[in-house]
Amino acid sequence: MLSPSPLSLFCALLLCLPLAIVFTITTPTTISSQNSSNHTHRTPLVILPQPPPPPIPKDDELLFRVAARVSRRPTSNRKLAFMFLTTMPLPLAPLWELYFNNTSKNLYNIYVHADPSFEYDLPFSGVFTQRVIPSQSSLRFTPTLASAARRLLAHALLHDSGNYMFAMLSPSCIPIHSFNFTYGTLMKSNKSFIEILENEPGSYDRWAARGETAMLPEVKLEDFRIGSQFWVLTRKHARLVVSDRWIWSKFNKPCRNYDTCYPEENYFSTLIHMRDPRGCVPATLTHVDWSISSGGHPREYQESEVGPELIFKLRNDKPRYGDDGNNGSDLAVMEGRHPFLFARKFSRGSIKALLSIANDVIFKD
């Protein structure tokens, strides 16, 4: 075997030198990378803040137009929207505070329409803080009460995409069950609860309050309905109300005869009867006693009348169901036993008596 010459050894060394350099440079890097993979360190994710929701329009026409385009179905967990229409600083608010006490805010929202032409000596506080929507005048014998209800629905639709059921309430309304009972009852339903009554006394006078032909051709007398202004609507029907133009254009006219002008008791019942009668239970879940009335107002319970017996009596009464052909013939609805969830009217002086039985009676199902 020939011995390598010095020249050949030198050439071989030159050829191997680049490989040695590459190995020296890359090997520590590889080892370092392997060692780092054995650690649990992770680069923290950067969560960008969500952009604020677009401002809710203050102009009614634009408000209703935008609200009509919201999703048909709730896009988050289902919530109840409690909508108070008032001209006073909610004298029964302490009872509602207890009602919502220890209840997750992921289950409900509160909205207040407060007529700005009235003075509010006490501010809206507690669960009602900053819950007053941009409000306008709301007077009896005019379309403004119905307008206020439509405004509440629009704001509730735009404020929270999770609102599923929308309950209209007055400052004289109280709950007669716990929040959990009310929530469970309404979440099981896919229908609205709205009183829809046919051939009630005075129907023609109410229909013709704006003039004998003012409601035609959109609303014929045979389509006209009467019902309580306190209802619970599904999200579907809330969208129906804010998107309606044709029927509302008739009810939004000023009345000639104020004694028979009650748009808030006619518009919603008529609209849903004409557009989706099978989509509702034709009864209100807000108890009211018309056996004693004064000045067009139902019985008002005073402090001396408030006690466990009254609450049990209100709970045990059965709602009156619509008696027209489209609704009354629905046997599945008529045979249902739907409980009253709210009641009115309670005087502002009854709050102490109500609070005294709240935990042991009203909120104990």
Side-chain angles (χ1 to χ4, degrees), residues 64 67-68 70 72-74 81 83 143 145-146 149-150 152-154 156-157 163-168 185-209 215-252 262-288 318-342:
F64 296 139
V70 300
R72 290 176 177 269
R73 298 181 179 180
M83 307 183 303
L145 281 173
R150 298 179 82 231
L152 280 164
L153 286 171
L157 283 167
N163 285 330
Y164 172 69
M165 287 287 221
F166 304 74
M168 179 61 61
T185 299
L186 294 178
M187 288 302 130
K188 289 187 296 185
S189 176
N190 60 358
K191 293 188 176 186
S192 296
F193 295 89
I194 178 171
E195 193 172 51
I196 301 178
L197 306 175
E198 182 186 24
N199 296 326
E200 285 292 281
S203 290
Y204 175 80
D205 292 335
R206 290 191 180 206
W207 177 78
M215 302 295 283
L216 298 173
E218 285 81 2
V219 183
K220 299 179 177 64
L221 177 59
E222 55 266 31
D223 292 325
F224 189 79
R225 294 293 183 271
I226 292 176
S228 169
Q229 71 179 104
F230 301 103
W231 30 252
V232 180
L233 298 186
T234 61
R235 187 175 183 83
K236 174 185 176 181
H237 286 158
R239 293 179 70 255
L240 172 65
V241 169
V242 299
S243 63
D244 172 51
R245 296 292 181 273
W246 294 103
I247 307 302
W248 175 242
S249 68
K250 296 299 182 179
F251 284 92
N252 196 30
Y262 302 99
E264 70 280 1
E265 296 180 0
N266 303 138
Y267 167 65
F268 301 99
S269 298
T270 300
L271 173 67
I272 293 180
H273 161 73
M274 294 179 65
R275 295 288 186 260
D276 187 25
R278 292 290 182 177
C280 69
V281 175
T284 178
L285 299 185
T286 297
H287 188 285
V288 65
K318 184 178 180 180
R320 176 186 176 183
Y321 294 92
D323 49 10
D324 64 279
N326 285 324
N327 292 309
S329 62
D330 189 341
L331 294 178
V333 168
M334 296 300 293
E335 293 175 356
R337 183 68 171 87
H338 302 100
F340 282 112
L341 301 177
F342 312 104

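Computed from a predicted structure; not experimentally measured. Counting from 1, the numbers follow the sequence of the chain as shown.
- Taking OG1 of Thr286 as the start and CG of Leu341 as the end, the distance is 7.5 Å to the nearest 0.5 Å.
- The structure places CG of Asp276 at 9.0 Å from NZ of Lys191, a figure rounded to the nearest 0.5 Å.
- The backbone N or O of Gln229 sits less than 3.5 Å from a side-chain atom of Trp231, completing a donor-acceptor pair.
- Proximity of Leu186 to Phe193: side-chain heavy atoms (C-beta onward) are separated by under 4.5 Å at one or more points.
- Side-chain contact between Leu197 and Arg225 is absent, with no heavy atoms from C-beta onward closer than 4.5 Å.
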Chi angles and distances behind the salt bridge (Lys or Arg N to Asp or Glu O under 4.0 Å) call for Glu200, Arg206: CA-CA 10 Å; Glu200 285 292 281; Arg206 290 191 180 206; over 6 Å; no
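- Considering all non-hydrogen atoms of both residues, Ala81 and Ala156 come closest at CB-CB, 4.3 Å.
- Judged purely by atom type and a 3.5 angstrom limit, Glu218 has no side-chain atom pairing as donor or acceptor with the backbone of Trp246.
- Checked options Ile247, Val219, Ile272; the residue passing with Tyr267 is Ile247 (criterion: side-chain contact (heavy atoms from CB on, under 4.5 Å)).
- Listed here is the closest heavy atom pair of Phe166 and Met83: CB-CE, 3.9 Å.
- Panel note: side chain Ser243, backbone Ala68; no donor-acceptor pair is recorded below 3.5 Å.
- To the nearest 0.5 Å, atom CG of residue Leu221 and atom CH2 of residue Trp207 are 5.5 Å apart.
- Counting only distance, with no hydrogens or angles, the side chain of Lys236 and the backbone of Arg72 share no donor-acceptor pair below 3.5 Å.
- Residues Pro319 and Phe340 share a closest heavy-atom pair of CA-CZ, 3.5 Å.
- From Met274, atom CE reaches atom CZ of Phe224 across 11.5 Å, with rounding to the nearest 0.5 Å.
- The closest side-chain heavy-atom distance from Leu271 to Phe251 is not below 4.5 Å.
- In plain terms, the two heavy atoms of Ala238 and Leu153 that are nearest each other are CB-CD2, 3.9 Å.
- When ring centroids are compared, His237 and Phe268 stay outside the 6.0 Å threshold.
- Side-chain N or O atoms of Ser269 include one that pairs as donor or acceptor with a backbone N or O of Glu195 at under 3.5 Å.
- Residues His338 and Ser189 have side chains not in contact (no heavy-atom distance under 4.5 Å, counting atoms from C-beta outward).
- For the residue pair Phe64 and Val242, the shortest heavy atom distance occurs at CB-O, 3.4 Å.
- To the nearest 0.5 angstrom, Asn266 atom CG is 12.0 Å from Ile196 atom CD1.
- Atom CG of Leu216 and atom NZ of Lys250 lie 7.5 Å apart (nearest 0.5 Å).
- Between Ser228 and Val288 the shortest side-chain heavy-atom distance does not fall below 4.5 Å.
- The minimum heavy-atom distance linking Arg150 with Asp244 is given by the pair NH2-O, 3.1 Å.
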Before giving the answer on side chain to side chain contact (heavy atoms under 4.5 Å, CB included), spell out for Thr234 and Met165 the whole-Å C-alpha distance, their side-chain angles and the decisive distance to 0.1 Å. CA-CA 5 Å; Thr234 61; Met165 287 287 221; 3.8 Å; yes
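- Side-chain atoms of Val70 and Arg235, non-hydrogen and from C-beta on, do get closer than 4.5 Å to each other.
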